[in-house]
Amino acid sequence: MPCGIIIPTLLVCFPNIQFYDYTKIVKRAYSKLPSNYHLTLSYSEADADYADSVYKATCETQTNMAVVFRSKYNIPKTFKGLRVVDGDKDDLRFLDPKGVVVALYAKGKASKDDSGFVIDVA
């Protein structure tokens, strides 16, 4: 395939480069993605239907789900039955196990967010 200027072609033209992305577009988890492209879904409870669709896609496709928790001192070992890994230790999402929750903690203005994007755990 000749190299062009659109993103999917870019991924194919550079198979030895690892690409990764966060997205709120759930249907992308069901797309056929190149092996050098790692996708992490962004979870939010601001919309219950959206939250359900992200969780369902994570379970069905083993795409990881990033969740922002209120405090780095109160991050659970599991969330919605899925294993939680520390997403703030590095940015190498493509090295995370598949089908996990990538825990991030709220920083700056996000620490006061009450929209449902930042998750409080008991």
Side-chain angles (χ1 to χ4, degrees):
M1 169 186 283
C3 290
I5 59 170
I6 61 173
I7 297 299
T9 304
L10 182 67
L11 301 174
V12 172
C13 288
F14 296 97
N16 295 324
I17 296 176
Q18 179 65 55
F19 296 88
Y20 66 100
D21 199 2
Y22 288 88
T23 188
K24 286 189 175 238
I25 304 170
V26 177
K27 68 181 180 180
R28 288 181 61 202
Y30 294 97
S31 302
K32 179 154 175 46
L33 302 173
S35 61
N36 63 331
Y37 181 70
H38 184 276
L39 190 65
T40 300
L41 295 173
S42 182
Y43 181 84
S44 170
E45 292 181 354
D47 177 301
D49 290 337
Y50 171 78
D52 290 345
S53 69
V54 172
Y55 175 72
K56 180 180 177 190
T58 295
C59 292
E60 291 177 352
T61 68
Q62 294 297 291
T63 302
N64 293 348
M65 176 172 81
V67 178
V68 179
F69 293 98
R70 180 82 48 205
S71 167
K72 67 180 175 181
Y73 304 108
N74 197 22
I75 293 176
K77 299 222 183 284
T78 62
F79 180 74
K80 295 190 169 286
L82 300 172
R83 181 175 155 216
V84 174
V85 299
D86 183 355
D88 278 312
K89 119 182 130 166
D90 61 52
D91 291 326
L92 306 173
R93 298 287 58 86
F94 50 90
L95 296 180
D96 295 334
K98 292 182 179 187
V100 299
V101 170
V102 178
L104 305 170
Y105 70 91
K107 301 164 191 77
K109 291 180 183 179
S111 63
K112 299 197 184 331
D113 177 272
D114 63 357
S115 70
F117 176 68
V118 176
I119 305 301
D120 292 298
V121 291

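Side chains included, hydrogens not; waters and symmetry mates left out as well; all remaining heavy atoms used.
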| request: Give a yes or no answer on whether the side chain of Y22 reaches the backbone of A66 with a donor-acceptor pair at less than 3.5 Å. | output: no
| field | Separation between CG of D21 and CG of L33, rounded to the nearest 0.5 Å | value | 10.0 Å
| field | Under 3.5 Å: donor-acceptor pair, side chain of N36, backbone of L11 | value | yes
| message | Can a donor-acceptor pair be found, under 3.5 Å and without considering hydrogens, that links the side chain of R70 to the backbone of S111? | response | yes
| query | Are Y37 and Y30 linked, directly or through other ILVMFWY residues, by side chains that come within less than 4.5 angstrom of each other? | reply | no
| query | Taking a hydrophobic cluster as the set of Ile, Leu, Val, Met, Phe, Trp and Tyr residues connected by side-chain heavy atoms closer than 4.5 Å, whether directly or through intermediates, do V102 and I75 fall within one such cluster? | reply | no
| request: Starting at NZ of K72, measure out to CG of L104 and round the result to the nearest 0.5 Å. | output: 13.0 Å
| task | Report the distance from atom CG of L41 to atom OG of S53, rounding to the nearest 0.5 Å. | result | 8.5 Å
| request: Return the set of residues passing ring pair (Phe, Tyr, Trp, His ring centres under 6.0 Å) with F69 (not counting sequence neighbours), or none when no residue passes. | output: F79
| Do H38 and N64 pass the side-chain contact (heavy atoms from CB on, under 4.5 Å) test, and can you show the C-alpha distance, the side-chain angles, and the key distance before you say yes or no? | CA-CA 9 Å; H38 184 276; N64 293 348; 3.9 Å; yes
| Single-linkage hydrophobic cluster, 4.5 Å side-chain cutoff, V101 and V26 together | yes
| remark: d(I17 CD1, L10 CG) to nearest 0.5 Å is 7.5 Å
| said: I'd like to know if the side chain of K107 and the backbone of Y105 have a donor-acceptor N/O pair within less than 3.5 Å. | reply: yes
| Same cluster or not: are M65 and F117 linked, directly or through other Ile, Leu, Val, Met, Phe, Trp or Tyr residues, by side-chain heavy atoms under 4.5 angstrom apart? | no
| task | Heavy atoms only: give me the nearest G99-L82 pair and the separation to one decimal. | result | O-CD2, 3.9 Å
| field | K77 atom NZ: more than 12 heavy-atom contacts under 6.0 Å | value | no
| field | Steps toward side-chain contact (heavy atoms from CB on, under 4.5 Å) verdict (T58, K80) | value | CA-CA 11 Å; T58 295; K80 295 190 169 286; over 6 Å; no
| task | Using a cut-off of 6.0 Å, state whether more than 12 heavy atoms not belonging to K56 lie near its atom NZ. | result | no
| task | Say whether D113 and S115, considering side chains only, have a donor N or O and an acceptor N or O under 3.5 Å apart. | result | yes
| field | Nearest heavy atoms of S44 and K24, plus distance in Å | value | CB-NZ, 4.0 Å
| Reported NZ-to-CG distance for the pair K89 and D96, which is rounded to 0.5 angstrom | 7.5 Å
| query | Is there a path from V121 to V54 through hydrophobic residues (I, L, V, M, F, W, Y) whose side chains come within less than 4.5 Å of each other? | reply | yes
| message | Between Y43 and I119, does the side-chain contact (heavy atoms from CB on, under 4.5 Å) criterion hold? Intermediate values first, please. | response | CA-CA 9 Å; Y43 181 84; I119 305 301; 4.0 Å; yes
| Is there a donor-acceptor pair closer than 3.5 Å between any side-chain N or O of R93 and the backbone N or O of G87? | yes
| field | Nearest non-hydrogen partners of A29 and L39, listed with the distance | value | N-CD2, 3.9 Å
| task | With sequence neighbours left out, write down each residue that passes ring pair (Phe, Tyr, Trp, His ring centres under 6.0 Å) with Y20, or none if nothing qualifies. | result | F94
| field | CZ on R28 to OG1 on T61, rounded to 0.5 Å | value | 12.5 Å
